[in-house]
Protein chains: 2
Amino acid sequence: MVTATSARGRIDKRQAILEAAFTVFARRGYDQACVQEIAEEAGVAKPTVYNHLTDKENLFRHAVLAVADRVMAENLGVVERLREPGDDLRAVLEDVAYRLSRVCSSEQARALRSLAYGHAGRFPDLIDVVRERTSHRLREALADRLARLSLAERLRPCDPAVAADQFLALLTGPMEVRSHPGVHKVSAADTRVVANAAVDTFLRAYKPD
Amino acid sequence: MVTATSARGRIDKRQAILEAAFTVFARRGYDQACVQEIAEEAGVAKPTVYNHLTDKENLFRHAVLAVADRVMAENLGVVERLREPGDDLRAVLEDVAYRLSRVCSSEQARALRSLAYGHAGRFPDLIDVVRERTSHRLREALADRLARLSLAERLRPCDPAVAADQFLALLTGPMEVRSHPGVHKVSAADTRVVANAAVDTFLRAYKPD
DNA sequence: ATCAAATTGAACCAGCGAGTTCAATCGACG
DNA sequence: CGTCGATTGAACTCGCTGGTTCAATTTGAT
């Protein structure tokens with residue numbers, strides 16, 4: 001059996017390769033990204049890349065999926081904050097909205113969407129997986145929480161699925177208008193404004209009574 | 001000077017090339033689309049393509065911009081219907097919402113966004129132009145109409161810009177969840193449901209009182 | 001008919017990048 | 001120290017595609 005250090009060494013190298021692959025794919029696109037550059041970015045030789053991940057295609061898939069998992073975990077963690085809302089519903093909604101906005105407009109998440117949607121033609125299955133692990137999972141989790149809130153009469157009776165859709169739409173829609181891709185990231189203050197506006201209209205539409 | 005018919009003949013061929021270029025770029029992506037295939041799709045020889053549009057890059061830009069202009073025109077036409085709203089505001093909003101959904105989730109519009117966002121890395125300026133001619137123009141036009149409605153006390157006092165953003169978000173957000181790319185298009189009935197739901201929460205949040 | 005411009009098909013060049021091979025090197029472990 | 005496996009760098013093959021050239025042909029106007 002291989003010793004702990006060497007195994008760890010291998011794992012680290014694989015992670016480094018995947019990490020580098022994602023950043024290079026993100027900045028060049030699939031076709032323009034050459035394996036050579038990925039190898040350099042990872043601080044590794046080209047044959048080593050092919051040693052760990054057989055194809056350029058495999059490399060792409062694994063890199064994208066890894067990031068998708070990370071983003072999904074963050075999103076679910078944020079929504080979990082709605083499990084025990086205090087007496088100030090608006091405050092906790094604003095908090096959740098703000099954090100979700102930050103995650104969804106992070107560099108990683110934006111690059112992820114850009115890659116998946118941009119290469120939908122060549123990797124049709126990949127886009128499904130990405131959507132499943134980001135949008136859908138997030139939608140389901142949020143719908144669960146909203147259902148409980150509705151049942152507890154903190155929100156008016158409604159279809160939790162469409163409420164979740166609309167909440168997320170109110171968040172991400174206005175955000176992506178403000179985020180010129182590549183250039184200056186959206187400021188935290190701006191994000192907060194958008195998040196609060198989203199929560200405001202959401203509550204106007206979904207408050208009890 | 002060239003006669004009308006020959007000029008028309010040239011124009012037709014140019015249009016055919018641009019049309020073909022867009023469809024091929026849409027289905028293959030920029031890099032995988034070879035000029036040969038575009039020429040075949042247009043029913044034309046390869047040198048003819050280079051005769052009309054110098055570069056592959058130029059070809060791409062012109063093809064994308066042409067479609068962007070078409071989509072923008074459709075969008076603006078739809079919003080124009082809000083200029084004289086009848087006494088049933090909800091009905092006309094639902095109509096506009098439905099038509100906007102159809103346009104924004106049309107094959108052309110989806111391919112357009114996919115192309116622009118997917119190749120944002122290589123053509124940073126192109127994405128700006130596309131956004132300008134679709135999202136921004138639409139946003140502005142809608143904000144204008146909403147401002148008038150607010151002034152006429154058919155909507156509560158509000159910032160027309162954020163109201164427009166949120167209206168569009170409520171529309172397009174839930175739509176793109178339902179549209180698996182490539183496969184079955186969203187049914188008209190489904191679109192109507194989403195549009196009506198969007199108008200319902202929008203009116204709940206923005207009705208006077 | 002005739003002339004000029006546009007079009008065509010085919011061949012050709014050049015560059016680029018995926019993927020492979022291989023000898024040299026490194027690093028852990030006994 | 002010696003061994004074995006992983007890593008490295010460099011060179012190489014190979015296919016593909018953008019872009020060009022050119023002679024032959026078509027098209028359409030006068």
Side-chain angles (χ1 to χ4, degrees), chain A residues 1-64 115 119 121-123 126, chain B residues 1-64 115 119 121-123 126:
Chain A
M1 166 196 171
V2 243
T3 70
T5 69
S6 79
R8 166 54 63 120
R10 276 192 58 104
I11 281 188
D12 281 356
K13 222 152 237 181
R14 185 190 168 92
Q15 288 300 337
I17 290 175
L18 286 178
E19 200 91 27
F22 185 84
T23 63
V24 172
F25 280 133
R27 75 158 156 263
R28 299 261 191 250
Y30 180 79
D31 305 86
Q32 285 298 316
C34 63
V35 181
Q36 179 61 42
E37 186 177 355
I38 295 178
E40 288 169 3
E41 178 92 14
V44 113
K46 188 162 66 147
T48 310
V49 175
Y50 284 98
N51 183 24
H52 283 267
L53 298 123
T54 57
D55 265 336
K56 189 186 185 183
E57 179 174 334
N58 233 271
L59 185 51
F60 183 66
R61 299 192 117 92
H62 280 79
V64 165
L115 278 183
H119 304 81
R122 196 164 353 167
F123 307 110
L126 193 58
Chain B
M1 167 200 168
V2 244
T3 71
T5 68
S6 81
R8 165 56 61 119
R10 277 191 58 107
I11 279 189
D12 281 355
K13 219 152 239 182
R14 186 192 169 92
Q15 287 301 335
I17 290 175
L18 286 178
E19 200 92 26
F22 185 83
T23 63
V24 171
F25 280 134
R27 75 159 156 266
R28 300 259 191 252
Y30 179 78
D31 304 86
Q32 285 298 314
C34 61
V35 182
Q36 180 61 43
E37 186 178 355
I38 295 178
E40 289 168 5
E41 178 93 12
V44 113
K46 189 161 68 143
T48 308
V49 175
Y50 283 99
N51 184 22
H52 283 268
L53 298 124
T54 57
D55 264 336
K56 188 186 184 183
E57 180 172 334
N58 236 275
L59 185 51
F60 183 66
R61 299 191 117 92
H62 279 80
V64 166
L115 278 183
H119 304 83
R122 198 169 346 173
F123 306 111
L126 192 57

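Each chain gets a letter, A, B and so on, in the order the sequences are listed, and its residues count up from 1.
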Check your understanding: D:dT7 P sits how many Å from A:Leu53 CG, rounded?
Key -> 12 Å

Practice item. Determine, stepwise, if the pair B:Ile17 / B:Leu59 fulfils side-chain contact (heavy atoms from CB on, under 4.5 Å). Key: CA-CA 9 Å; B:Ile17 290 175; B:Leu59 185 51; 3.9 Å; yes

Review point. What is the distance from CD1 of A:Ile17 to P of D:dT8, rounded to the nearest Å?
Key: 8 Å

Practice item. Report yes if at least one side-chain N or O of B:Thr48 is closer than 4.0 Å to OP1 or OP2 of C:dT7; otherwise report no. Key: no

Exercise for review: Name the closest nucleotide to the A:Asp55 side chain, picking from D:dT8, C:dT8, C:dG19.
Suggested key: C:dG19

Check your understanding: Looking only at side-chain N and O atoms, does B:His52 come under 4.0 Å of OP1 or OP2 in C:dA6?
Key -> no

Practice item. Can you sort out the partners of A:Asp31 under side-chain hydrogen bond (donor to acceptor under 3.5 Å, both in side chains), two or more places apart, ordered by chain and number? Key: A:Arg122, B:Gln32

Review point. Does A:His119 have any side-chain hydrogen bond (donor to acceptor under 3.5 Å, both in side chains) partners at least two apart in sequence or in another chain, and if so, which?
Key: none

Check your understanding: Does B:Ala42 offer a backbone N or O that forms a donor-acceptor pair with the side chain of B:Lys13 under 3.5 Å?
Key -> no

Check your understanding: Can you name the residues that form a salt bridge (charged side-chain N to carboxylate O under 4.0 Å, His left out) with B:Arg27, not counting sequence neighbours?
Key -> B:Glu37, B:Glu41

Review point. Considering residues at least two apart in sequence or located in another chain, which fulfil the salt bridge (charged side-chain N to carboxylate O under 4.0 Å, His left out) criterion with A:Glu40?
Key: none

Review point. Between A:Asn51 and D:dA6, is there a side-chain N or O to OP1/OP2 distance below 4.0 Å?
Key: no

Revision key, fill the gap. From the candidates C:dA10, D:dG18, D:dG9, the one with an atom nearest any side-chain atom of B:Tyr50 is D:dG18

Review point. Where along nucleotides 11-16 of chain C does protein come under 4.0 Å, by heavy atom, of base (B) or sugar-phosphate alone (S), with - for untouched nucleotides?
Key: ------

Check your understanding: Just checking, A:Lys56 and A:Phe25: is the charged tip under 6.0 Å from the six-membered ring centre and within 45° of the axis?
Key -> no

Exercise for review: Indicate the atoms forming the closest heavy-atom contact of A:His62 with A:Arg14, along with that distance.
Suggested key: CD2-NH2, 3.6 Å

Review point. So which nucleotide from C:dT8, D:dG19, C:dA18 ends up closest to the side chain of A:Lys56?
Key: C:dA18

Check your understanding: If every non-hydrogen atom of A:Asp55 is compared with every non-hydrogen atom of A:Asn58, which pair is closest and at what distance?
Key -> CB-N, 3.5 Å

Check your understanding: Tell me, which of residues 19-40 of chain A have any heavy atom that sits under 4.0 Å from an atom in DNA chain D?
Key -> none

